[in-house]
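Convention: sequence-line order gives letters A, B, ...; per-chain numbering from 1. Keep in mind the model is a prediction, meaning the values are calculated, not measured.
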There are 2 protein chains.
Amino acid sequence: MNSFTPVSSVGERELIRRLSRIFYQDSNRDVLIGPGKDDCAVLSAGDGECIVVTTDMLHRTTDFPQQMSGWQIGWMSAAVNLSDIAAMGANPCGILAAIGLQSDCDVGFVEEIARGLHACAASCGTSVIGGDIDTHDELTITGTAVGKVSEDRLLTRKGAKPGDMVCVTGYAGSAGAALYALENNIETSESLLKKLFEPIPRVRESLSLADSGAVTSMMDTSDGIAISLYDLADASDVGFIIYEDRLPLQDDLKQLIHEPERLLDYSLYSGGDFELLFTLSPEKVSDATKTCDFTIIGKVAEKDMGITLERPQANNLSISRKGYLQLKDTD
Amino acid sequence: MNSFTPVSSVGERELIRRLSRIFYQDSNRDVLIGPGKDDCAVLSAGDGECIVVTTDMLHRTTDFPQQMSGWQIGWMSAAVNLSDIAAMGANPCGILAAIGLQSDCDVGFVEEIARGLHACAASCGTSVIGGDIDTHDELTITGTAVGKVSEDRLLTRKGAKPGDMVCVTGYAGSAGAALYALENNIETSESLLKKLFEPIPRVRESLSLADSGAVTSMMDTSDGIAISLYDLADASDVGFIIYEDRLPLQDDLKQLIHEPERLLDYSLYSGGDFELLFTLSPEKVSDATKTCDFTIIGKVAEKDMGITLERPQANNLSISRKGYLQLKDTD
């Protein structure tokens, strides 16, 4: 007899693991990287070329705060997927958007969503190439992004080696702090809100970094830096030392949140920043620094070091395996 | 000042046209066929190779009758997308599934959905390569399928010429009639219900037909034969003559619905069959008939003929531009 187990008791990552086992019983010779392994699935396109593809379902109540405009909802729906394409070092070549709309929704609002989708795609040198329209009682957008990359330039979560530098683009914790401000009616800067509502997929940075040949592993920080470090650690079989005083915090964030411990929580454990987290060969760091802006926040260690935070004014601590996840907060 | 126009007053196809205009302001050199034009979007993969990609959002209340099992829900979610890949003459190389689940949903039920997705993918020689899990108040599945095809084998809606034969695989109207039986608590055969719950994507037939070199245009009949004929007619700039007595009707359908006019309505205007509708060069028909089973149901005419039904025991009539559509029944 089967027992009843609600998905909420299992957590998103465990559920993905279980489903990936079901999906993996066959041998699809096109697949280079399958479900649950990286930011995108990777298919062979022949001649050393790869197709990368990713999909993300977003909902009005859980993903689009009421303050977001239609344009921002569209932008976000494209951005979350383009960020995954960037995380593989790939060139985006198209986006699909399946949109579930309430039947009494204004056509003008839908067109605003479309303009936001288009603007984000265009900012990354691509466009919306297809989709689906459906009626639904809650606004739901599933974006899918497709990219191309040659196999020898593909960047994955696997490849970090002890001694490599750990780096991140942009700022940490901005989107999470902006959400906190919104939910608690605390006034904050436009700049911080923009980090939450209009995240910039780091496609340009990713392509430049791939050009440098310096990157040993990469993923995006959509669920927060901490959980992303664990994903890199699992895939690369390494540990990390992260320097607290190197975490890149936006001034507006420091004005919003003063307590050091809370600031640390936001920078490590809140999601929505869609920055690139990556590791660099130490001998090629200077090649990488010429290509785009990023911050070195730590170094790759042996696996048995775990994931440790070095603090200048406190004892070192172990970074927890937690972050922003659907279904359940931690696993 | 903007006026308020609910999407329900516009219709799915008009809305897709409006959004496609927004999506088309830029020039994405990778795109061979863009939004709203065919069963899939088509991207160039270089060296004469194409990537085809399609997405479809399905919901519990509108797309999965209560009688469907989890396995069938999964099968259906893969099938609707694989049917679009088949419609382009392409080889499927992977499926992604973004699944929105109620948080109190049983993990066993989700695993059944996954097994159905996997089984349908495997039946078409491919697999589920990725996806997303999300919480949602209504079960929602957005499937995405990716396929490959060389540019010279790509089958599109454009290319039918007067004199070509019009053909369809399988039966017409079975899924629509099964839905009618379900909704009205009329007992019907397992075979008819299976047409509704477990449609078979015609991937094998499509690849065989593409091999024959006989196909001049193709699409699937997901929204019904009538609306699909209009789509082919619009893309190819032709008309059609369809013979009523050639429409392939399943015996179980004729046992369920006796009145000839209603039988005709189901065979032309009901959706969910996911068969291939295609046109053949007359001189190559015999090459095509060797490859798989299908029925010749009419011929391609000049555009000014419109889309006409020839009836042996009644006056000819003009087939209407209507079918199974979300948001609004006709447009």
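Side-chain atoms of B:Asp106 come within 3.5 Å of backbone N or O of A:Thr5 as a donor-acceptor pair. Side-chain atoms of B:Asp56 never come within 3.5 Å of backbone atoms of A:Asp132 as a donor-acceptor pair (strictly under, hydrogens ignored). Looking only at distances, no side-chain donor or acceptor of A:Thr55 sits under 3.5 Å from a matching main-chain atom of B:Ala98.
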Practice task
Kindly indicate, with the supporting measurements, whether the criterion side-chain contact (heavy atoms from CB on, under 4.5 Å) is fulfilled by A:Val128 and B:Leu19.
Solution key: CA-CA 10 Å; A:Val128 179; B:Leu19 300 191; over 6 Å; no
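In terms of heavy atoms, B:Pro6 sits closest to A:Ser103 at CB-O, 3.8 Å. Of all the heavy atoms in A:Leu43 and B:Cys93, the pair that sits closest is CD2-O, 3.2 Å.
Residue A:Glu111 touches chain B through both its backbone and its side chain, counting heavy-atom pairs closer than 4.5 Å. Within the 4.5 angstrom heavy-atom criterion, no atom of B:Ile113 approaches chain A. Within the 4.5 angstrom heavy-atom criterion, only side-chain atoms of A:Asp47, from C-beta onward, approach chain B. Heavy atoms closer than 4.5 Å to chain A are found in both the backbone and the side chain of B:Val53. Residue contact with chain A, scored on non-hydrogen atoms closer than 4.5 Å, involves the side chain of B:Val146 exclusively.
In terms of heavy-atom pairs under 4.5 Å with chain A, the best-connected choice from B:Ala41, B:Gly46, B:Ser44, B:Ala114 is B:Ala114. The choice from B:Ile16, B:Ile51, B:Val42, B:Ile33 that makes the most heavy-atom pairs within less than 4.5 Å of chain A is B:Ile51. Comparing A:Asp30, A:Val107, A:Ile95, A:Val110 by how many heavy-atom pairs each has under 4.5 Å with chain B, the most go to A:Val107. Taking chain B as the reference chain and counting heavy-atom pairs below 4.5 Å, the highest number among A:Gly34, A:Gly130, A:Cys105 is found for A:Cys105.
Within a 6.0 Å sphere centred on CG of B:Leu139, other residues, nucleotides and ligands contribute more than 12 heavy atoms.
A distance of 3.5 Å separates OG1 in A:Thr142 from CE in B:Met57, rounded to the nearest 0.5 Å. With values rounded to the nearest 0.5 angstrom, A:Ile129 atom CD1 is found 14.0 Å from B:Lys37 atom NZ. Remark: A:Phe23 CZ to B:Leu96 CG distance equals 10.0 Å, nearest 0.5 Å. Atom CD of B:Glu138 sits about 8.5 Å away from atom OG1 of A:Thr140, to the nearest 0.5 Å. In this structure, A:His136 NE2 and B:Asp137 CG are separated by 6.5 Å, a value rounded to the nearest 0.5 Å. A distance of 11.5 Å separates CZ of A:Arg18 from CD1 of B:Ile133, quoted to the nearest 0.5 Å.
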